[in-house]
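So that the names make sense, note that chain A is the first sequence line, chain B the second, and so on, each numbered from 1.
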Amino acid sequence: MASAEASSIAPTPLLKDELDIVIPTIRNLDFLEMWRPFFQPYHLIIVQDGDPSKVIKVPEGFDYELYNRNDINRILGPKASCISFKDSACRCFGYMVSKKKYIYTIDDDCFVAKDPSGKSINALEQHIKNLLCPSTPHFFNTLYDPYREGADFVRGYPFSLREGAKTAVSHGLWLNIPDYDAPTQLVKPRERNTRYVDMVLTIPKGTLFPMCGMNLAFDRELIGPAMYFGLMGDGQPIGRYDDMWAGWCVKVICDHLGLGVKTGLPYIWHSKASNPFVNLKKEYKGIFWQEEIIPFFQSAVLPKECTSVQQCYLELSKQVKEKLSKVDPYFDKLADAMVTWIDAWDELNTEGASAKLSNGKA
Amino acid sequence: MSQANIMDDEVDIVIGALHSDLTTFMNEWRPVFSQFHLIIVKDPDLSGEIQIPEGFNVDVYTRSDIDRVVGSSTSILFSGYSCRYFGYLMSRKKYVISIDDDCIPAKDNEGSLVDIVAQHITNLITPATPFFFNTLYDPYRKGADFVRGYPFSLREGVTCALSCGLWLNLADYDAPTQALKPELRNSRYVDAVLTVPVRAMLPLSGINIAFDRELVGPALIPALKLAGEGKFRWETMEDIWSGMCVKVISDHMGLGVKSGLPYVWRNERGNAIESLKKEWEGVKLMEEVVPFFQAVRLPRSAVTAEDCVVELAKIVKEQLGQSNPMFVRAAEAMVEWIKVWKAVQSG
């Protein structure tokens, strides 16, 4: 049975010194006002996309560091080529420079949602609960998260699997504007997600999913190097597949390393529907490419010798180069960028690396 | 396609009666069941006449029917909770819905009575999506769809063969869990149906299920009998075993299995501590059973559900049979079941 009974009664720890909130933005950070009661105790890492000469105002009272493109270029030098420009994929720079164990990333058009009782949802608290509680990737529990208060493992669930696995990722969902692709948006422009599904569940080992970066938390120490959001935006043939790409890499690596990925609660309120015609242009190639990409990831096997995330990721990049380059030369570039990302990650995250990171704005 | 298109004559509701007085049970379910044909199978070990109220279209089968159809040496397959499988055998309908006789209709979050037939049928007639996980769960539900990043070639889905519902109040916990947390009751109504991904195994409870009998009927098997099997779910594993077989076979045949809605309300019954004192065997067995089912692969030559069961029985005997004679008996029961199934279907 679930042994986490004590922690389900005790309050969720704030983890304010162990978690960074990474926010990519090109417009403004007005949305932070609504999140203030929940976010204020935490350190923010703002990644400013687009024109670096624009000044992004951060609301008073938040502790933050802000990086624009000039900072990214200065800190990474030639390796900055792996960080996307004019795409929210640039947010992964924030993961790289963070010094914390946990990351929560949220889009600037996501607001506080309400649960069915009308109470405001503290999304960050739920993500922390999800990350601190084990996952159950090896066997599906029909009552979903067995560690939740009021639930447990069902009859037939082997006791030897009830300790669960460490949770690497907590994938939250969205009320109001759902995360649909452009074709679906065009066909159903008015559809809104109004269904509050009161569950968290572990995505089984061996199963892939579309990971959305709008409301996402992860254990940076467990899986950080795999959270590269790819080459998107300016100068790239594709957009709106950054989080998807990261999610497929992350899931293959988590499955290999025995880590868990959860999805479900918490919900945020997604307020802005992006333009479906613009989206279609960005996604167009992706819609065809994903037909090849998915079988690639579904059949990807990592050798036993790959025991660290970086090793797994570099191995994946080799396989991407071998098997996906024939789909489009873009994947050759992407494979190279994956290697550059790991180089940059290791450079910034080894001893003595923090001296490099001063930025102009904090 | 709305479930109104499913004619009442495509559905059978099968109830294994472990209690003889079903009056309250049937009256509680009257709003949901009265338009359908019911098959009630009396546990052969149960004494006394079955009592059913008026106004139902029902066929009742008892020990003598079981003996007549399968022979008294085979009728042992159908004792206790497994009596319901005889009902599956007797059914001639495409869809079967089966629940335990200690369940009554639940209410959803809005306070409306849950129509389990409508929901199970909806689950069975809409496609399943086992090859890729949709983060908004069932993409065919009103108000939902496939999310960004879901490959288009997988959006047709596959046929759903089995729908596994859930339970409010007394959830399907094992005896140790319920004994340790005697106050634990399930009050969370999770408004979702989802496809259990291919190769993901799960403990498929028999308390509230529905299936496409034409596709997977033979794969629901009364095979695993605990030595001390009793008349409470805490003292059985037959459905868990059957469920693993169905999942492996569905995965092999490219069919889907869904879990989630509908909920039933499961009444208080029995004492977990008493069951625990009596029966620990089932819990121990799962340690071997689960890794076996996770790894088992059926040969390509097995195309129908019947073929799959026969092949699976062979592998069970070879691999699990080494460690425990109970699995040898289960493998033999599986083969026996298919013989009986084929005989009844053709007869």
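- Heavy atoms closer than 4.5 Å to chain A are found in both the backbone and the side chain of B:Ser259.
- Heavy-atom distances place the side chain of B:Ala171, and not its backbone, under 4.5 Å from chain A.
- Contacts of B:Asn109 with chain A are absent, with no heavy-atom separation under 4.5 Å from either backbone or side chain.
- Heavy-atom distances place no part of A:Ile293 under 4.5 Å from chain B, backbone and side chain included.
- With a threshold of 4.5 angstrom between heavy atoms, A:Pro204 approaches chain B through side-chain atoms but not through N, CA, C or O.
- Interface remark: of the candidates B:Ser187, B:Pro151, B:Pro291, B:Pro151 forms the most heavy-atom pairs closer than 4.5 Å to chain A.
- At least one side-chain heavy atom of A:Arg155 sits under 4.5 Å from a side-chain heavy atom of B:Met237.
- Residue A:Met199 touches chain B through both its backbone and its side chain, counting heavy-atom pairs closer than 4.5 Å.
- At least one side-chain heavy atom of B:Phe152 sits less than 4.5 Å from a side-chain heavy atom of A:Gln290.
- Neither the backbone nor the side chain of B:Gln178 has a heavy atom closer than 4.5 Å to any heavy atom of chain A.
- Every residue meeting the ring pair (Phe, Tyr, Trp, His ring centres under 6.0 Å) condition with B:Phe293, not counting sequence neighbours, appears here in chain and number order: B:Trp241.
- When all heavy atoms of B:Pro203 and A:Val154 are compared, the pair lying nearest together is CG-CG2, 3.5 Å.
- Side-chain contact check for B:Val257 versus A:Phe140: every heavy-atom pair is 4.5 Å or farther apart.
- For B:Leu204, no part lies under 4.5 angstrom from a heavy atom of chain A.
- Applying the side-chain contact (heavy atoms from CB on, under 4.5 Å) rule to B:Glu268 yields the partners B:Asn169, B:Leu170, B:Arg185; only residues at least two apart in sequence or on another chain are considered.
- The nearest pair of heavy atoms linking B:Arg188 to A:Glu149 is NH2-O, 2.8 Å.
- If you measure heavy-atom distances from A:Pro183 to chain B, the contacts under 4.5 Å come from the side chain alone.
- Between the side chain of B:Gln294 and the backbone N or O of A:Phe139, no donor-acceptor pair lies under 3.5 Å.
- Summarising the geometry of A:Thr207 relative to B:Val198, their closest heavy-atom pair is OG1-O, 4.5 Å, with the distance given to 0.1 Å.
- Contact annotation for A:Asn279: neither backbone nor side-chain heavy atoms come within less than 4.5 Å of a heavy atom of chain B.
- The two atoms that bring B:Ala192 and A:Val197 nearest to each other are CB-CG1, 3.5 Å, heavy atoms only.
- Looking at A:Lys188, its side chain does come within 3.5 Å of a backbone N or O of B:Ala144 through a donor-acceptor pair.
- When atom types are taken as modelled, the side chain of A:Gln298 and the backbone of B:Phe131 share a donor-acceptor pair closer than 3.5 angstrom.
- By the neighbour-count criterion of 12 heavy atoms within 6.0 Å, atom NZ of B:Lys107 is sparsely surrounded, having that number or fewer from other residues, nucleotides or ligands.
- The greatest number of non-hydrogen atom pairs below 4.5 Å with chain B, out of A:Tyr196, A:Trp174, A:Tyr241, is found for A:Trp174.
- Among all heavy-atom pairs drawn from A:Glu191 and B:Asp145, the shortest one is OE2-CB, 4.0 Å.
- Proximity to chain B (any heavy atom under 4.5 Å) is restricted, for A:Leu173, to the side chain, taken from C-beta onward.
- Note on A:Asp181 versus B:Arg155: salt bridge recorded, some NZ/NE/NH1/NH2 to OD/OE distance being below 4.0 Å.
- If you measure heavy-atom distances from B:Leu285 to chain A, you find no contacts under 4.5 Å at all.
- Using a 4.5 Å cut-off between heavy atoms, B:Phe146 contacts chain A through its backbone alone, with no side-chain atom that close.
- Using a 4.5 Å cut-off between heavy atoms, A:Glu283 contacts chain B through its side chain alone, with no backbone atom that close.
- Separating the CG atom in B:Leu202 from the OH atom in A:Tyr157 is a distance of 10.0 Å, to the nearest 0.5 Å.
- Counting heavy-atom pairs closer than 4.5 Å to chain A, the top-ranked of the candidates B:Val289, B:Asn134, B:Leu136, B:Val196 is B:Leu136.
- Between B:Val290 and A:Gly156, the shortest heavy-atom distance links the atoms CG2-O, 4.5 Å.
- Neither the backbone nor the side chain of A:Phe288 comes within contact range of chain B, judged by heavy atoms closer than 4.5 Å.
- When heavy atoms are compared at a cutoff of 4.5 Å, A:Thr142 approaches chain B by way of both its backbone and its side chain.
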